[in-house]
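Working notes, beginning with the structure itself.
Computed from a prediction, not measured in an experiment: that's the story for all the values here.
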Amino acid sequence: MTIIAFLLAAILGYLWGAIPFGKLYVRAFTGQDLQKIGSGRTGGTNSMRAAGWKVGFLTAMSDVFKGFMAVITVRWLLGGLGLAAAELLPWLEITAGTLSVIGHNWSVFLQWGGGAGTGPNVGWSSAIWGPMFPLGFSIMILMLYFLGYASVASMTMGLIIPIAFLVLYLTGTGALSATIAYIVGGIATALIIAFALRGNFVRLARGEERLVGLRAKKRASKEQRMEISKERRGS
């Protein structure tokens, strides 16, 4: 029964994560194929590039929802119905959460394409500890707007999650101090996100990473001014 419970948690988590909300939204609003635009990823940042901030925001929230529901579904199905022992439930929850990130990044519905995993990562961890959502939302918005690198924002959030669960564990915060499962889950998803972003880190080192937010606007404005200046010198 234990093996079956973990298999169910993994399958449910993966299927939730694999739902390609970004691709569906961009197709519905613009008729474009999101996987052929920008980075080719299906998360909120590339959806914003393809269809504007409203679609990007909708995609990001839907991706958070996927990770959240992966944990809630397992909690209800395996915990609430008594199909798994109480001491196993945290491990089943992180199995579902981790697989939601994997499903998002390598979706069977997208020929193993997808995003970088940040949305479902915030989602599953928020299902465990509610304040993770406003924390993650604030960090991502601020870093995207001012720093301008989605990959750095994603990796930062990926690292904050296991650190937050470690702090909660060490400070004896309720049920979160009774198991290391959530710390393990946070470390696992951080590693998955780091693997998905490995190409971005190479571009960061070369100074070739795509910008978004305020810095992207400033760069575009600077390039426009330089182009106007060149045209004036040439006329």
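When all heavy atoms of N200 and S151 are compared, the pair lying nearest together is CB-CB, 3.6 Å. Contact between S47 and L34 at its shortest, heavy atoms only, is OG-CD2, 3.3 Å. Of all heavy-atom pairs between P90 and A86, the closest is CD-O, 3.5 Å. Heavy-atom minimum distance, Q35 versus G113: NE2-CA, 4.0 Å. The two residues T45 and A150 have their closest heavy-atom pair at OG1-CB, 3.6 Å. Considering every non-hydrogen atom in both V26 and A50, the closest pair reads CG1-CB, 4.0 Å.
In terms of modelled atom types and a separation under 3.5 Å, the side chain of N46 and the main chain of R41 share a donor-acceptor contact. Although no hydrogens or angles enter the test, the distance criterion places a donor-acceptor pair under 3.5 Å between the side chain of Y14 and the main chain of V108. Put simply, the side chain of D33 never gets that close to the backbone of R27: no donor and acceptor are under 3.5 Å apart. In this structure, the side chain of N105 does not engage the main chain of G114 through any donor-acceptor pair within 3.5 Å. No donor-acceptor pair under 3.5 Å is formed between the side chain of S177 and the backbone N or O of Y169. Using a distance-only test at 3.5 Å, with no hydrogens or angles considered, no donor-acceptor pair links the side chain of T98 to the main chain of T95. The main-chain N or O of I19 is found under 3.5 Å from a side-chain atom of K66 such that the two form a donor-acceptor pair. Panel note: side chain S100, backbone G17; no donor-acceptor pair is recorded below 3.5 Å. Without hydrogens or angle criteria, R75 side chain to A127 main chain gives a donor-acceptor distance under 3.5 Å.
In this structure, the ring of F65 has its center less than 6.0 angstrom from the ring center of W16.
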Chi angles and distances behind the side chain to side chain contact (heavy atoms under 4.5 Å, CB included) call for S107, K23: CA-CA 11 Å; S107 173; K23 181 159 184 167; over 6 Å; no
Test side chain to side chain contact (heavy atoms under 4.5 Å, CB included) on Q111 and W106 and set out the steps. CA-CA 8 Å; Q111 291 75 52; W106 299 282; over 6 Å; no
Applying side chain to side chain contact (heavy atoms under 4.5 Å, CB included) to Y149 and M143, what does each step give before you reach the verdict? CA-CA 7 Å; Y149 292 119; M143 292 195 72; over 6 Å; no
Step by step, work out the side chain to side chain contact (heavy atoms under 4.5 Å, CB included) result for W129 and Y182. CA-CA 10 Å; W129 187 57; Y182 306 123; over 6 Å; no
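Linking Ile, Leu, Val, Met, Phe, Trp and Tyr residues whenever their side-chain heavy atoms come within less than 4.5 Å leaves V167 and L159 in two separate clusters. In this structure, V122 is not a member of the same hydrophobic cluster as F21, with clusters built from ILVMFWY side-chain heavy atoms closer than 4.5 Å. Note on I128 and I163: separate hydrophobic clusters, where clusters join Ile, Leu, Val, Met, Phe, Trp and Tyr whose side-chain heavy atoms are under 4.5 Å apart, directly or indirectly. By the rule that hydrophobic residues join a cluster once side-chain heavy atoms approach within less than 4.5 Å of another member, V202 and L197 end up as members of separate clusters. In the hydrophobic clustering of ILVMFWY residues, with side-chain heavy atoms under 4.5 Å counting as a link, W53 and F29 come out apart.
Interatomic distance, L147 CG to L144 CG, rounded to the nearest 0.5 Å: 8.5 Å. Considering CG of D63 and CG of L58, their distance stands at 9.5 Å, rounded to 0.5 Å. Here the CD1-CD1 distance, from I187 to I192, works out to 12.0 Å after rounding to the nearest 0.5 Å. One finds the CG atom of L77 at 12.5 Å from the CD1 atom of I72 (value rounded to the nearest 0.5 Å). The structure places OG of S125 at 4.5 Å from CE of M132, a figure rounded to the nearest 0.5 Å. Annotation: the span from H104 atom NE2 to T42 atom OG1 amounts to 5.0 Å, rounded to 0.5 Å.
Other residues, nucleotides and ligands contribute at most 12 non-hydrogen atoms within 6.0 Å of the CD1 atom of I180.
When side chains are defined from C-beta on, N121 does not count as touching M157, because their heavy atoms never get closer than 4.5 Å. Between M140 and S154 there is a side-chain heavy-atom pair separated by less than 4.5 Å.
Defined by atom type and a distance below 3.5 Å, a donor-acceptor pair is missing between the side-chain atoms of Y25 and T30.
Ion pairing between E209 and R203 holds under the 4.0 Å rule for side-chain N and carboxylate O.
Of the listed residues (I161, L99, V64), just one forms a side-chain contact (heavy atoms from CB on, under 4.5 Å) with W124, and that residue is I161.
In this structure, R198 forms no cation-pi arrangement with F201, as its terminal cationic atom is not both closer than 6.0 Å to the ring centre and no more than 45° off the ring axis.
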